[in-house]
Amino acid sequence: MKISAAVVAAAFSLAFSFILVNFTGQCDAALQQGFYKGKCNSQDVEAIVASVVKRRFNDKPRVAAGLIRLFFHDCFVNGCDASILLDGDSSEKTAPPNLSVSGYDVIDEAKGLLEEACAGIVSCADIIAIAARDAVQLSGGGRYEVQTGRRDGFVSLASNVDLPSPRFSVSQSADAFSKKGIGLTDMVLLLGGHTIGFTNCSLFRDRLYNFDNTGKPDPTMDPLLVMKLRLICPQNSPATRTPVSLDQNLASTFIVDNSFYKQIRLGRGILQIDQALALDPLTNNTVASLANGNDFLARFGQAMVKLGAVDVLTDSQGEIRESCHLKNKPRSTFLFG
């Protein structure tokens, strides 16, 4: 049987198209800079998010720390899929480590503006990543390029929340980060986000009064800092929500810089894991290098990009939520006889 040239050409064209579609799909599946360029009716997606973050930051600088923490808490559980935003009686929001997470309203406002500009295009997961970058930049940390193209997850369970404890040793923390594909140096860099972080007495009171059940303060903490913090956190007082800066150079409280590392080298770390970074042989050289060098900002941005690529959903995985708090309703299926 003879096969016409036209049939051969058509078959070749179909095969080539199949290869091209699959190759293109693989490209789309990866995160990339400028993913939304030309996809939002000529609107600049990142500029819209930035306008919201900037206005909120100008009103309340502490919002920056909240957005960075929101990004970390989202990415560390199920990957960077905005699962932390979903409402529900047993969603991630309800897990004890997430009860003090903030920044949800900033993401909601940005999402609302983006839905007006181009409905169903921009994921909540990408908004979190962009907003965290803008928070770093507004706090003096420089600008790094965010990769986008994430999609939003369906699953949000408090039982899945397994964040590294502030009371972890360096080895325990390193193990938790390693399970996310993040190495020791990047762990030290990401914990440097505490440069603009805050905490409350309940997470370090034991270091002031009864460290490791000794009835004494943590000997690695600067005694003058112990005295100062005891005034803020009395031993037998009810739980207090007074915020305590994790960077005890108070001139740098709202500035992303390497001051945090300088402070923990002086025994002025607030959280147990922060102080341990400066003392443990696994990390003390990295801490010293960051404290004495001038490359923290660039390296911190690179570490944030790595964190933002943890277990992401792309291409046809997940969904683009209409509301960041709710999974999309299933589409109706119509049958025609």
Side-chain angles (χ1 to χ4, degrees), residues 65 68-69 71-73 75-77 97 141 161-229 233 244-249 252 256-304 306-307 310:
I68 294 171
R69 186 169 180 239
F71 177 61
F72 179 85
H73 281 227
C75 291
F76 224 84
V77 181
V161 176
D162 187 22
L163 292 158
S165 167
R167 294 185 173 89
F168 270 5
S169 67
V170 169
S171 294
Q172 289 173 312
S173 187
D175 183 60
F177 276 83
S178 177
K179 290 176 181 177
K180 305 299 176 183
I182 297 173
L184 197 62
T185 297
D186 285 320
M187 179 191 82
V188 176
L189 287 163
L190 289 169
L191 289 175
H194 288 172
T195 182
I196 57 169
F198 292 85
T199 189
N200 61 71
C201 298
S202 65
L203 293 181
F204 64 87
R205 185 182 272 110
D206 60 317
R207 297 189 67 209
L208 305 180
Y209 299 100
N210 188 28
F211 184 65
D212 283 349
N213 295 314
T214 61
K216 299 177 181 179
D218 185 341
T220 67
M221 183 180 282
D222 174 6
L224 293 178
L225 181 59
V226 172
M227 292 173 59
K228 171 188 170 183
L229 293 176
C233 309
V244 175
S245 177
L246 294 176
D247 181 349
Q248 281 296 298
N249 173 9
S252 180
V256 172
D257 57 17
N258 66 343
S259 172
F260 166 78
Y261 299 106
K262 296 177 181 179
Q263 290 296 306
I264 61 176
R265 294 191 76 211
L266 295 172
R268 296 174 62 78
I270 301 300
L271 300 178
Q272 187 171 331
I273 180 57
D274 290 351
Q275 190 57 65
L277 292 177
L279 300 172
D280 194 292
L282 289 173
T283 52
N284 60 0
N285 287 335
T286 302
V287 169
S289 175
L290 291 167
N292 296 322
N294 56 10
D295 60 350
F296 167 65
L297 299 184
R299 295 176 69 185
F300 180 67
Q302 293 166 3
M304 289 286 279
K306 289 182 184 179
L307 176 63
V310 170

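Just so you know, these numbers use all the heavy atoms, side chains as well, and skip hydrogens, waters and symmetry mates. By convention here, the first residue in the shown sequence is residue 1.
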Close side-chain approach of [X] to [Y], heavy-atom, < 4.5 Å:
X    : Y    : value
F72  : L163 : yes
N284 : L277 : no
I196 : I68  : yes
N210 : K216 : no
R268 : M221 : no
Q248 : L266 : no
L208 : C233 : yes

Would you say CG of N292 has more than 12 non-hydrogen atoms from neighbouring residues, nucleotides or ligands within 6.0 angstrom?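 Yes - once you tally the heavy atoms of other residues, nucleotides and ligands closer than 6.0 Å, there are more than 12.
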According to salt bridge (Lys or Arg N to Asp or Glu O under 4.0 Å), who are the partners of [X], at least two apart in sequence or on a separate chain?
X    : result
D257 : none
D212 : none
D206 : R167

Tell me, please, which residues at least two apart from [X] pass side chain to side chain donor-acceptor pair (under 3.5 Å).
X    : value
R265 : none
N249 : S259
Q302 : none

Pairs flagged by ring-ring contact (aromatic ring centres under 6.0 Å, His included) wherever residues 196-228 is involved - sequence neighbours left out: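 Listed once each, the pairs are F198-F254.
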When rounded to the nearest 0.5 angstrom, what distance separates [atom1] in [X] from [atom2] in [Y]?
X    : Y    : atom1 : atom2 : answer
I264 : L279 : CD1   : CG    : 8.0 Å
Q263 : Q275 : CD    : CD    : 10.0 Å
N294 : N258 : CG    : CG    : 8.5 Å
Q272 : S169 : CD    : OG    : 8.5 Å
F177 : L184 : CZ    : CG    : 10.0 Å

What's the verdict on side-chain contact (heavy atoms from CB on, under 4.5 Å) for I182 and V310, showing C-alpha distance, side-chain angles and the deciding distance? CA-CA 9 Å; I182 297 173; V310 170; 4.1 Å; yes
Test log, rule side-chain contact (heavy atoms from CB on, under 4.5 Å), inputs L203 and I270: CA-CA 9 Å; L203 293 181; I270 301 300; over 6 Å; no
Ring pair (Phe, Tyr, Trp, His ring centres under 6.0 Å) with F296: which residues, sequence neighbours excluded?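 If we apply the ring pair (Phe, Tyr, Trp, His ring centres under 6.0 Å) test to F296, skipping adjacent residues, the hits are Y261, F300.
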Show, in sequence, the C-alpha distance, side-chain angles and deciding distance for V287 and V188, and conclude whether the side-chain contact (heavy atoms from CB on, under 4.5 Å) test is met. CA-CA 7 Å; V287 169; V188 176; 4.1 Å; yes
Residue pairs involving [range] (criterion salt bridge (Lys or Arg N to Asp or Glu O under 4.0 Å); sequence neighbours excluded):
range            : result
residues 188-203 : none
residues 192-202 : none
residues 274-299 : D295-R299
residues 169-193 : D175-K179, D186-K306

Test L229 against R207 for side-chain contact (heavy atoms from CB on, under 4.5 Å), laying out the working first. CA-CA 10 Å; L229 293 176; R207 297 189 67 209; over 6 Å; no
For D247 and S245, which I'm curious about, is there any donor-acceptor pair between the side chains at under 3.5 Å?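 No, S245 and D247 have no side-chain donor paired with an acceptor closer than 3.5 Å.
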